[in-house]
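I have placed the structure first, in the form of structure tokens, so that the comments after it can refer back to it.
Since we're looking at a predicted model, the values are computed, not measured. All chains are named by letter (A, B, ...) in the order of the sequence lines, taking the proteins before the strands, and each is independently numbered beginning at 1.
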Amino acid sequence: MTLLQELESRLAAALTATLGEPATAAVTAAADLRFGDYQSNAAMVLAKQRKTNPRALAQEIIDHLDLTDLATADIAGPGFINFRILPSAYAARTASLIRDERLGVPATGAGKTVVIDFSAPNVAKPMHVGHIRGTIIGDSLARIARFLGFKVIADNHIGDWGTQFGMIIYGWNQFLDEAALTADPITELVRVYRKVTSMKEDPGVLDACKAELVKLQAGDPENLAIWQKCIDVSKAGLQKIYDRLDVRFDHWHGESFYNDRLAGVVEEFIEKGIARESNGAICVFSDGTKPKEDDPFLVHKEDGWTDNPAIIRKADGGYLYATSDLATIQFRIDEWKADHVWYVVGVPQQLHFRQLFDAAARWGKTGDFQHIQFGSILGDDRKLMRTRSGENVGLVEVLEEAVERAAKAIAEKNPELQGEEAVKISEIVGIGAVKFAELSQGRLTDYVFSWDRMLALQGDTAPYLQYSHVRIRSIFRKLDAPFDATTAEIHLKEPAEIHLARLLVRFGEVLPTILEDFRPNLLANYVLELARAFHSYFEACPVLKADEPIRSSRLALCELTSRTLKQGLYLLGIEVPERM
RNA sequence: GCGCCUGUAGCUCAGUUGGAUAGAGCACCCGCCUUCUAAGCGGGAUGUCCCGUGUUCGAAUCACGGCGGGCGCACCA
């Protein structure tokens with residue numbers, strides 16, 4: 001049980017005693033340390049309902065409150081109940097955390113399976129900075145869910161099928177430079193693809209592309225072979241980026257994986273009356289579903305008739321995005337037995353997902369489907385970055401620059417680090433900076449891409465966090481004898497060490513809340529606070545020079561901080577170096 | 001036209017879901033390295049929370065109406 005839960009449980013007992021009937025109320029971390037460690041507005045809420053004086057009610061609650069060995073409570077302001085945790089209680093808590101592999105984090109996801117669909121780039125198109133967001137947020141959510149006990153299936157639903165292959169195959173046949181393909185397959189594929197897109201105006205070219213696509217979809221062996229080759233080199237290129245980002249997938253079930261299921265899905269939709277023909281296309285309208293009537297996404301206000309159908313088969317018989325996504329849902333629910341399916345995909349696709357989830361529900365595929373949307377990365381013109389416009393900053397380019405800047409900083413700040421070690425640390429620091437810049441931000445806000453913003457190494461950044469870990473490791477390197485933190489007694493006296501303990505204890509409270517709204521930035525905020533607390537502690541409380549038993553106590557706190565920080569950063573996908 | 005997201009310090013952003021005197025970082029000023037790594041610590045200045053009305057003990061947060069920015073609305077993904 002976390003400290004917060006412990007307080008809630010004791011408060012519930014007091015409320016029940018006060019009111020003479022079962023009652024519970026929320027406790028939250030105090031907004032300001034002046035008010036204590038935790039607070040509850042239970043008295044104010046209840047007094048409102050009962051039309052009594054909130055402060056008087058708060059006093060009554062406190063009279064019934066048993067906080068033995070845990071905290072003190074007092075009334076403040078309009079009727080807040082403020083809790084101050086006893087240092088001895090913090091000491092007991094931290095001591096037990098040191099012996100806890102899970103660092104106090106409850107397994108809230110145990111027994112549940114979640115499929116997380118993220119990154120999902122199109123093959124044969126370069127990944128630009130716009131792709132980084134979904135990839136990093138998705139990976140972080142996967143790590144967090146896994147640590148919370150979920151069975152996580154990370155699935156990279158790559159765009160490996162569809163109209164763009166007409167152009168790619170046409171380009172492959174017309175313009176491919178075999179030597180260039182061997183040397184740098186991705187670059188060559190991208191060059192070919194861009195060349196063809198630039199020629200789209202030419203109706204002859206367009207028709208030729210369509211013809212290639214039709215041949216591919218009909219199973220033409222030659223085109224299939226080209227397609228397969230494209231997929232292979234693209235995957236290899238993507239894998240390199242993922243390796244560098246330390247992003248892992250359990251599966252790469254791209255769109256092509258579902259090809260042979262699409263016809264069946266459409267048939268079933270028609271048969272069950274969920275989809276019907278309109279202007280030659282097969283569409284899923286949301287008419288006939290009463291509960292959806294006031295859903296602005298799906299229903300036309302004036303006549304109750306939907307004007308935003310999801311098209312699952314084109315008039316020419318071709319299948320679309322929505323079709324393969326439905327087949328994907330079927331697979332994830334039926335084969336993978338998913339309880340939750342989370343789509344980490346940008347805001348612009350929200351209508352698609354509303355339609356998709358609506359269609360899936362009527363199809364009888366039940367589960368918790370979430371479109372975890374994120375804001376857009378804008379160009380200097382404040383417009384959305386597009387894959388098409390080509391001049392966007394490439395993802396690899398950003399990583400290169402980040403690592404280069406980190407290397408420069410290392411050369412300047414710690415010239416002792418040389419050779420391979422310096423290279424390795426530059427990588428960890430540079431990549432970490434990029435990831436943290438993304439994760440520390442609210443998921444929904446749009447922002448204009450800026451090198452300095454994404455690659456900053458000062459202030460609230462990954463290097464600041466990594467540096468706190470480095471300082472801890474430095475203490476342990478200076479230790480003369482092995483230290484066993486699990487048997488150490490914790491003594492808390494200095495404000496800086498109490499504050500550090502306060503935050504360490506909160507790790508298990510913060511983590512589960514992240515998945516309530518899918519906000520990794522809450523974890524980013526937490527680790528920043530923790531690192532800040534550690535830096536202050538480091539300055540204020542000498543460790544190695546302290547006398548026993550304080551020395552052991554402080555060492556143990558360092559050990560726990562190190563582990564919590566490392567775990568927190570791991571969940572954000574950020575590595576920590578031993579020195580920097 | 002309909003809908004979604006968004007607007008907070010000079011800049012970039014948080015704000016624990018309705019709580020107390022709205023917080024960080026950058027930039028700026030002052031102080032701290034013969035003591036565990038100064039990528040650090042301590043201190044200082046900075047606000048029409050876009051505007052208006054409403055809901056109530058209490059609003060940056062909720063509702064309604066405006067304004068600005070981004071995006072989506074039938075055979076692309």
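- Which of B/rC41, B/rC5, B/rA74 sits closest to the side chain of A/Pro309 comes down to B/rA74.
- Between A/Gln5 atom CD and B/rU16 atom C1' there is a gap of 15 Å when expressed in whole angstrom units.
- For B/rG54, the paired nucleotide is B/rC62, the pair qualifying as Watson-Crick or G-U wobble because both relevant distances are below 3.5 Å.
- Between the CG atom of A/Leu528 and the C1' atom of B/rU16 there is a distance of 15 Å, given to the nearest Å.
- To the nearest angstrom, P of B/rC4 lies 19 Å from CZ of A/Phe353.
- At B/rG18, none of the side-chain N or O atoms of A/Lys48 fall inside 4.0 Å of OP1 or OP2 (strictly under the cut-off).
- B/rC50 and B/rA14 have their P atoms separated by 14 Å, with the value rounded to a whole Å.
- Atom-to-atom, CZ of A/Arg443 to P of B/rG15 comes out at 11 Å; the value is rounded to the nearest Å.
- Between A/Tyr38 and A/Phe80, the ring centre distance reaches or exceeds 6.0 Å.
- Nearest-nucleotide positions on RNA chain B place A/Arg519 closer to the 5' end than the other of A/Tyr321 and A/Arg519.
- Across B/rC4, B/rA39, B/rU16, the shortest atom-to-atom separation from the side chain of A/Ile410 is found for B/rA39.
- Pairing for B/rG47 is absent, judged as Watson-Crick or G-U wobble with the two contacts each under 3.5 Å.
- For B/rC36, neither phosphate oxygen OP1 nor OP2 lies less than 4.0 angstrom from any side-chain nitrogen or oxygen of A/Arg471.
- Of all the heavy atoms in A/Ala433 and A/Ala462, the pair that sits closest is N-CB, 3.6 Å.
- Remark: C1' of B/rC4 and CD of A/Gln349 are 14 Å apart, rounded to the nearest angstrom.
- Across all strands shown, B/rA38 remains unpaired; no Watson-Crick or G-U wobble contact has both distances below 3.5 Å.
- Regarding contacts with the backbone of B/rC71, every side-chain N or O of A/Arg382 stays at 4.0 angstrom or more from both OP1 and OP2.
- For the OP1/OP2 pair of B/rG25 and a distance below 4.0 Å, the side-chain nitrogens and oxygens of A/Thr461 include no atom meeting the criterion.
- For the C1' atoms, the distance linking B/rA59 with B/rU53 amounts to 13 Å, nearest Å.
- Listed by chain and residue number, A/Trp227 satisfy the ring pair (Phe, Tyr, Trp, His ring centres under 6.0 Å) test with A/Trp161 (two or more places apart in sequence, or in another chain).
- Side-chain N/O atoms of A/Tyr464 include one lying less than 4.0 angstrom from OP1 or OP2 on B/rC41.
- The NZ-P distance, from A/Lys51 to B/rC57, rounds to 9 Å in whole Å.
- Counting any heavy atom pair closer than 4.0 Å across all strands shown, A/Gly79 reaches no nucleic acid atom.
- Closest contact between the side chain of A/Val429 and the listed nucleotides B/rA39, B/rA77, B/rC36 involves B/rA39.
- Distance, A/Lys210 NZ to B/rC76 C1': 11 Å, rounded to whole Å.
- For A/Phe80, whose side chain is taken as the heavy atoms from C-beta onward, the closest listed nucleotide among B/rC41, B/rC13, B/rA20 is B/rA20.
- For the P atom pair drawn from B/rC13 and B/rC71, the interatomic distance equals 16 Å after rounding to whole Å.
- Contacts classified as salt bridge (Lys or Arg N to Asp or Glu O under 4.0 Å) and involving residues 370-382 of chain A (residues at least two apart or in different chains) are not found.
- Less than 6.0 angstrom separates the ring centroid of A/Tyr321 from the ring centroid of A/His352.
- With hydrogens and angles ignored, a donor-acceptor pair under 3.5 angstrom links the side chain of A/Gln39 to the base of B/rA20.
- In this structure, A/Asn521 reaches the B/rG15 phosphate: one of its side-chain N or O atoms is under 4.0 Å from OP1 or OP2.
- When both distances must be under 3.5 Å, the Watson-Crick or G-U wobble mate of B/rG10 is B/rC26.
- Nucleotides B/rU21 and B/rC33 have their P atoms positioned 39 Å apart, rounded to a whole Å.
- Phosphate proximity of B/rA14 to A/Thr445: present, with a side-chain N or O under 4.0 Å from OP1 or OP2.
- Look at A/Lys413 and you won't find any side-chain N or O under 4.0 angstrom from OP1 or OP2 of B/rA38.
- With A/Val527 as the partner, the side-chain contact (heavy atoms from CB on, under 4.5 Å) test is satisfied by one option alone out of A/Ile574, A/Leu465, A/Leu503: A/Leu465.
- Considering only side-chain atoms of A/Gln441, the nucleotide from B/rU12, B/rA14, B/rU21 that sits closest is B/rA14.
- Note: CG (A/Asp381) to P (B/rG69) measures 14 Å, nearest angstrom.
- A donor N or O paired with an acceptor N or O is found under 3.5 Å between the base of B/rA74 and the side-chain atoms of A/Ser278.
- Classification of A/Glu416 and A/Arg579 as a salt-bridged pair fails, no side-chain N sitting under 4.0 Å from a carboxylate O.
- Nearest nucleotide to the side chain of A/Glu539, out of B/rG19, B/rU16, B/rC41: B/rC41.
- Counting atom types as modelled, A/Asp325 pairs no side-chain N or O with a base atom of B/rA77 as donor and acceptor under 3.5 Å.
- The phosphate of B/rA39 has OP1 or OP2 within less than 4.0 Å of a side-chain N or O from A/Tyr467.
- Distance check on atom P: B/rU34 versus B/rU48 gives 43 Å, rounded to whole Å.
- If you take atom C1' in B/rG47 and the same atom in B/rG42, they sit 25 Å apart, rounded to whole Å.
- At a threshold of 4.0 Å, the pair A/Glu539-A/Arg471 counts as salt-bridged, since one of the basic side-chain nitrogens sits closer than that to a carboxylate oxygen.
- When both distances must be under 3.5 Å, the Watson-Crick or G-U wobble mate of B/rC4 is B/rG70.
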